[in-house]
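All remarks here apply to the structure that follows.
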Amino acid sequence: MSPAFLLQLAGSAVAVGALVATAAWAKIAKPAPPLDDARARALLAAEFPGRTLDGLWVATDGVGALAKSGGLALVLCQVGDGWAARQIPWAQAMAASFRNGRLSVDLADVAAPRAVLTFPAWPPTDLAA
Amino acid sequence: MIKPPFDPVTLATPFFILTVIAEIVLARFGWAKARYETKDTAASLLMGLGSTVAGVLTGGAVAAATLWVWSHRLFDIPMTAVWAWVAVFLLEDLTYYWFHRISHERRIWWVSHVNHHSSQHYNLSTALRQTWTGALNGSFALWLILAWLGFPPAMIAIQKGISLVYQYWIHTEAIKKTPRWFEAVFNTPSHHRVHHARNAVYLDRNYAGILIVWDRLFGTFQAELDEEPCRYGLVKNLATFNLLRVAFHEWIAMAGDVVRHPRHALGYVLGPPGWSHDGSRETSTMIKAAAAPGALKLAPAEREAA
Ligand SMILES: [Zn+2]
Ligand SMILES: [Zn+2]
């Protein structure tokens with residue numbers, strides 16, 4: 001790599017810092033109010049069209065949700081001002097570690113390693129057998 | 001001529017920086033439509049910065065291949081003739097269309113191109129979200145055809161740069177529609193918003209670089225619909241901003257599939273993104289078919305059984 005390229009790279013790195021700072025200052029992200037039941041259902045319907053939900057649990061901090069749909073768990077988690085969703089076997093969700101009110105769900109995906117959801121209890125007390 | 005006398009992308013870099021600031025400031029005061037999320041912006045810009053480093057590391061090999069092919073060229077095309085520039089403009093843009101189309105239709109190329117699509121935002125910083133691994137899967141070979149025809153390597157490099165710079169300004173929600181004649185011929189913010197959208201109707205559409213004509217010609221054109229606002233990102237969005245995961249997730253996922261199912265390796269490498277040997281995943285074609293009017297509204301597993 002030539003000194004000219006390294007200089008240009010350093011300049012670009014400074015510019016990246018300035019642009020990120022400008023974006024942070026502007027506060028023009030998408031509005032992302034905490035999830036409620038209806039909003040979680042709407043997002044899940046868009047992500048998993050045609051799936052019926054046997055149960056839905058919205059995280060108490062409103063930044064995630066977990067639904068049961070047959071043998072699957074549908075997981076929704078906030079990423080920045082957007083959302084990511086994955087489906088995993090229900091048994092995997094049941095086996096997830098639950099500590100201090102936080103359920104850490106392994107999503108088994110390089111692009112979505114885990115979701116951390118705040119719940120009052122896990123497994124959920126209102127889970128139909 | 002072998003070495004280009006100038007690089008359009010380097011020349012345009014100050015313009016990139018100033019226009020991103022302009023878009024943010026205009027949106028901040030409500031004068032333009034744009035959404036910027038800090039971590040997402042950082043990820044996009046760092047992908048852009050990393051891609052320039054990757055370009056330098058792999059540039060030598062790509063240039064050597066181009067030069068070697070050019071030394072076996074069919075015709076001598078002069079860099080000074082106007083017709084030659086018109087020809088390289090059209091042929092490079094056609095090459096780009098097919099490069100872009102296979103980048104979406106075959107996983108071995110999608111593993112790199114996915115990087116450009118993994119933001120849930122659509123703003124000028126998204127344009128700079130470029131792959132680090134573009135040279136690894138050999139898609140540059142498509143441009144070797146131009147060198148073989150006889151276009152000087154410098155001419156091809158300049159035209160590629162012009163195309164990249166053209167495609168920068170269309171990554172914006174601030175411009176709704178351009179005049180009708182322009183929308184008919186050129187790739188525009190509206191057409192490219194469709195390309196970045198994850199709505200079923202918009203998947204795998206509008207591969208154009210500069211001229212949208214190719215999509216109209218080859219049947220991949222989709223207009224932006226008022227009743228279907230674009231939702232940006234991937235069919236399965238990233239749940240992390242970790243830059244290494246952002247850059248390499250699909251390579252790792254592909255390698256994992258090959259290791260787990262060696263008998264189906266060909267399908268996992270050369271099949272379309274979302275292909276699986278047991279039908280447990282969905283390709284764009286499956287998603288589009290399921291969402292089409294009149295389709296059975298079934299979940300994937302039920303659709304398999306049906
Ligand atoms: Zn694309
Ligand atoms: Zn784009």
Side-chain angles (χ1 to χ4, degrees), chain A residues 1-2 4-6 8-32 43 45-53 64 69-72 74-87 105 107-116, chain B residues 10 13-14 16-17 20-21 24-25 27-29 34-43 45-46 48-49 52-53 56-57 114 118-121 123 125 128 200 231-234 236-242 245-246 248-253 256 287 290-291 296-303:
Chain A
M1 285 186 199
S2 67
F5 175 77
L6 290 175
Q8 192 187 315
L9 193 66
S12 298
V14 171
V16 166
L19 293 180
V20 172
T22 312
W25 158 80
K27 294 194 174 66
I28 47 169
K30 289 180 270 190
L43 285 168
E47 295 288 340
F48 306 100
R51 283 229 159 262
T52 47
L53 307 186
S69 175
L72 294 175
L74 312 181
V75 184
L76 195 61
C77 54
Q78 195 164 19
V79 202
D81 57 352
W83 297 92
R86 291 294 187 275
Q87 59 177 50
V105 188
L107 298 176
D109 185 332
V110 203
R114 62 182 52 255
V116 178
Chain B
T10 309
T13 300
F16 293 162
I17 296 164
V20 170
I21 292 176
I24 295 173
V25 171
R28 167 73 179 76
F29 295 108
R35 298 286 186 192
Y36 277 79
E37 199 275 336
T38 310
K39 285 182 184 166
D40 171 81
T41 307
L45 297 176
L46 289 171
L49 194 66
T52 62
V53 178
V56 167
L57 295 176
V114 62
S118 60
S119 171
Q120 295 193 37
H121 282 264
N123 54 44
S125 80
L128 304 175
R231 289 179 286 113
Y232 305 108
L234 305 173
K236 287 163 96 185
N237 274 319
L238 302 184
T240 171
F241 289 109
N242 177 321
R245 289 185 188 271
V246 172
F248 300 110
H249 67 93
E250 194 62 24
W251 281 98
I252 296 169
I287 296 169
L296 283 170
K297 297 290 178 227
L298 298 174
E302 295 160 327
R303 228 177 278 144

Donor-acceptor contact present, side-chain [X] to main-chain [Y], <3.5 Å:
X: Gln120(B); Y: Trp83(A); answer: yes
X: Lys236(B); Y: Ala84(A); answer: no
X: Arg245(B); Y: Ala111(A); answer: no

Gap separating the [atom1] atom of [X] from the [atom2] atom of [Y], nearest 0.5 angstrom:
X: Thr38(B); Y: Ile28(A); atom1: OG1; atom2: CD1; value: 9.0 Å
X: Ile24(B); Y: Thr22(A); atom1: CD1; atom2: OG1; value: 5.5 Å
X: Lys30(A); Y: Tyr36(B); atom1: NZ; atom2: OH; value: 13.5 Å

Modelled atom types, side-chain donor and acceptor of His121(B) and Asp81(A), under 3.5 Å: yes
Is [X] close to chain A through its backbone or its side chain, or both, or neither, when contacts mean heavy atoms under 4.5 Å?
X: Leu234(B); answer: neither
X: Phe241(B); answer: side chain
X: Val53(B); answer: both

So which residue, Ala46(A), Ala13(A), Pro113(A), Ala15(A), ends up with the most heavy-atom pairs under 4.5 Å with chain B? Pro113(A)
Begin from the C-alpha positions of Thr10(B) and Phe5(A) and carry the test side chain to side chain contact (heavy atoms under 4.5 Å, CB included) through to its verdict. CA-CA 10 Å; Thr10(B) 309; Phe5(A) 175 77; over 6 Å; no
Could you list the residues that satisfy side chain to side chain contact (heavy atoms under 4.5 Å, CB included) with Ser12(A), not counting sequence neighbours? Leu49(B)
Please report the shortest heavy-atom distance between Leu19(A) and Leu45(B), naming the atom on each side. CB-CD1, 3.6 Å
Can you check side chain to side chain contact (heavy atoms under 4.5 Å, CB included) on Val79(A) and Leu238(B), steps first, answer last? CA-CA 8 Å; Val79(A) 202; Leu238(B) 302 184; 5.7 Å; no
Does any backbone or side-chain atom of [X] lie under 4.5 Å from a heavy atom of chain B? Answer side chain, backbone, both or neither.
X: Ala21(A); value: neither
X: Arg86(A); value: side chain
X: Gln8(A); value: side chain

Check salt bridge (Lys or Arg N to Asp or Glu O under 4.0 Å) between Arg35(B) and all other residues, then give those that pass, not counting sequence neighbours. none
Apply the test side chain to side chain contact (heavy atoms under 4.5 Å, CB included) to residues Arg28(B) and Trp25(A): give CA-CA distance (whole Å), side-chain angles for both, the deciding distance (0.1 Å), then the verdict. CA-CA 9 Å; Arg28(B) 167 73 179 76; Trp25(A) 158 80; 3.6 Å; yes
